[in-house]
Number of protein chains: 2
Amino acid sequence: MADVARVAGVSPMTVSRAFKLDASVSAARREAILAVAEELGYVFDSTASNLRSQKSDFVAVTVPSINNANFADTVRGLTDGLKARGLQILLGSTDYDMAEEERLVEQFLRRRPEAIVITGGKHSDRCRRLLEASGVPVVETWDLPEAPIGHVIGFSNAAAVRGMVDHFVAKGLTRIAFLGGDVGQDTRGADRRLGFIAAMHAHGLAADRLIAAGPPPISMREGADAMARLLATMPDTEAVICVSDLSAFGALTECQRRGVAVPGRISLAGFGDYEIGAVSVPALSTINPFPRQIGARTAALILDVLDGRQTTPARIEIVPNLLIRESSV
Amino acid sequence: MADVARVAGVSPMTVSRAFKLDASVSAARREAILAVAEELGYVFDSTASNLRSQKSDFVAVTVPSINNANFADTVRGLTDGLKARGLQILLGSTDYDMAEEERLVEQFLRRRPEAIVITGGKHSDRCRRLLEASGVPVVETWDLPEAPIGHVIGFSNAAAVRGMVDHFVAKGLTRIAFLGGDVGQDTRGADRRLGFIAAMHAHGLAADRLIAAGPPPISMREGADAMARLLATMPDTEAVICVSDLSAFGALTECQRRGVAVPGRISLAGFGDYEIGAVSVPALSTINPFPRQIGARTAALILDVLDGRQTTPARIEIVPNLLIRESSV
DNA sequence: GCGGTTTATGTTATCGATAACAACGCCTGT
DNA sequence: ACAGGCGTTGTTATCGATAACATAAACCGC
């Protein structure tokens, strides 16, 4: 920067200002300075800038898995909403593991992010403590924890599944199974399963058709395997709600291979409104929790917090949308 | 850090060393220092560390899209290979746009990453110049550019598709179509299309069944729409190679809705070995370019470069695997 | 027991940008 | 003509950790 300043015939401070979009430098001079910088091949050093200004221009984000269209959509909404402000996303995946989440959060906090976005509302004690002590604005998403760390933008997984159970029951189906959500690691999956059980009980129905699909991420293949087990052990099942569209599609393929008609003999539903659910034959009934919107609103909230427009913890509830399609008609 | 040092009764330098895993501090003292730090709620400041040591512990990565299982797999391989060394991934998506890529690269270089990984081998002039001038090790992936910027770990998209064309021709099919890859933005898609054309010509066949699917990312829906157009305009087509498994699956669903037998009347193939291709009914023939391995080997290469074991530009060619499944039997 | 080496710790200056403050020129209104 | 204000530029000290060097203590073989 000193070199650029010398060549441009100004002080380093003026060069510094020329690189900040808002600072007061005459337009002509800024242009000249940027031209000199480009010619000299000068590359601005954000590290030094961050240290002195005590701002990182980072927003840290943890997701359970990068390879998941739902979370990717949330990240997309976040990125789009934040990049206008020059905020960089620091992305990390926890692999549905709270210990890994804790490690990630600790790493991230060392970079002094402007805000930190966590997927889910359940964390290790130490992770929670670190976040609370950090002074960094925290947003928990994809969940509605009872005692949030800071801000929350999420939805009730249990309530969403209840809507689907209601739909099946209204169709006259009573022997309904739930596939997945059997492992505590995937707290959202577990919430959906608990929501299923509660909804069945509310209808006076037995919630005893629970099929395990193993630890997340639940693949299509695991959905197919679980459906095979279900058909073998409880062949009179009339409807199946799956923990995600991916497992639902896997379940569908298993039905197709066995000649089990969907929705003729078994009605199917997924969760997440993945593209596969809209395109598959039959199209899958599902629940859209608006992942992109979660990201977009989180971004907007973060900007509000950084600009001082939001000073109290926000609690924003997204209402998922029930999509009834061919698989459950 | 000074506070921690005072409480622990040592110099700040010793505290600093206690936080570096390799530095020479007696085990007892390190433990004591870390305990004090934890109690005081001290959080190490990576920014300051980076500035002074002139190391960022960042590896920057650009991908065309986060929401793509193939690229997510590559990122996964990278992350896994790098996190043991405490290297943080700085991830950005270009949306298949070279201008956006240039912007991202410029942003990333300001953070002085230890290395930068770029998906693809085609870039804007300025982007290339910035990378070359930066002195940062560059790895281009998912492609085999003729004049690489630095290191390359990729495969030939054209050659991979040729293998699939050969397979169809060996089966006696000659009226073969290619779906997608019509837009220059997606250079890998375009390479596959060109590879298709060249392979057809090599067999003395006309490569005139080219169906546009629009700009990337090509969705399942767009694959279905393109298949509808193909069936309408060239109903005597015997086989279709799609630019990805996602579009191939979309194409398959269109066939199912119209009662067109796959592979009975039309043979189908995709690209990428996405899970959908293995699970769908019929399972899709496809090409596995080992995205996870690309990431893993890129990580290994980066470590080799950083440790001085690799001093010349590497050129590693991955050989994709042809997977023949039910859709093309 | 003594030079020589290793191990563990401390001291000082520094990475590169910028906050905070000062100052200068220019305009404006009275 | 002059106080006051704004827009633009410069000066100085500083953000928090650590490289490089210095030093003290411990170890070691002969």
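Quick note on labels: first sequence line is chain A, next is B, and so on, each numbered from 1.
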Query raised in the report: Whole Å only: how far is the CZ atom of A/Arg29 from the P atom of D/dT8?
Result: 11 Å

Query raised in the report: Is B/Phe44 touching bases, backbone alone, or none of the nucleic acid, heavy atoms closer than 4.0 Å?
Result: sugar-phosphate

Requested in this report: Using a heavy-atom cut-off of under 4.0 Å over every strand shown, decide if A/Val15 touches base, sugar-phosphate, or nothing.
Outcome: nothing

Requested in this report: Would you kindly check if the NZ (Lys) or CZ (Arg) of A/Arg110 is within the cone defined by 45 degrees around the ring axis of B/Phe19 and under 6.0 Å from the six-membered ring centre?
Outcome: no

Query raised in the report: What are the two closest non-hydrogen atoms of B/Pro12 and B/Ala5, and how far apart are they?
Result: N-CB, 3.6 Å

Query - Check: B/Glu114 and B/Ile302 side chains under 4.5 Å, non-hydrogen atoms - result: no

Query raised in the report: Is it true that B/Asp143 and B/Lys122 make a salt bridge, defined as a side-chain N closer than 4.0 Å to a carboxylate O?
Result: no

**Report entry** Distance in angstrom units between B/Gln54 CD and D/dA20 P, rounded
**Finding:** 11 Å

Requested in this report: Evaluate the side-chain proximity of A/Lys55 to A/Arg112: yes if any heavy-atom separation is below 4.5 Å, no if none is.
Outcome: no

Query raised in the report: On DNA chain D, nearest-nucleotide positions of B/Arg17 versus B/Tyr42: which is more 5'?
Result: B/Tyr42

Report task. Walk along DNA chain C from 5' to 3' and tell me the first and last nucleotide with an atom closer than 4.0 Å to a non-hydrogen atom of chain B. Result -> C/dA8 to C/dG16

Requested in this report: Examine A/Phe58 together with B/Phe58 and report whether their ring centres are nearer than 6.0 Å.
Outcome: yes

Query raised in the report: When the nearest nucleotide of DNA chain C is assigned to A/Leu51 and to A/Lys55 on a heavy-atom basis, which residue is associated with the more 5' position?
Result: A/Leu51

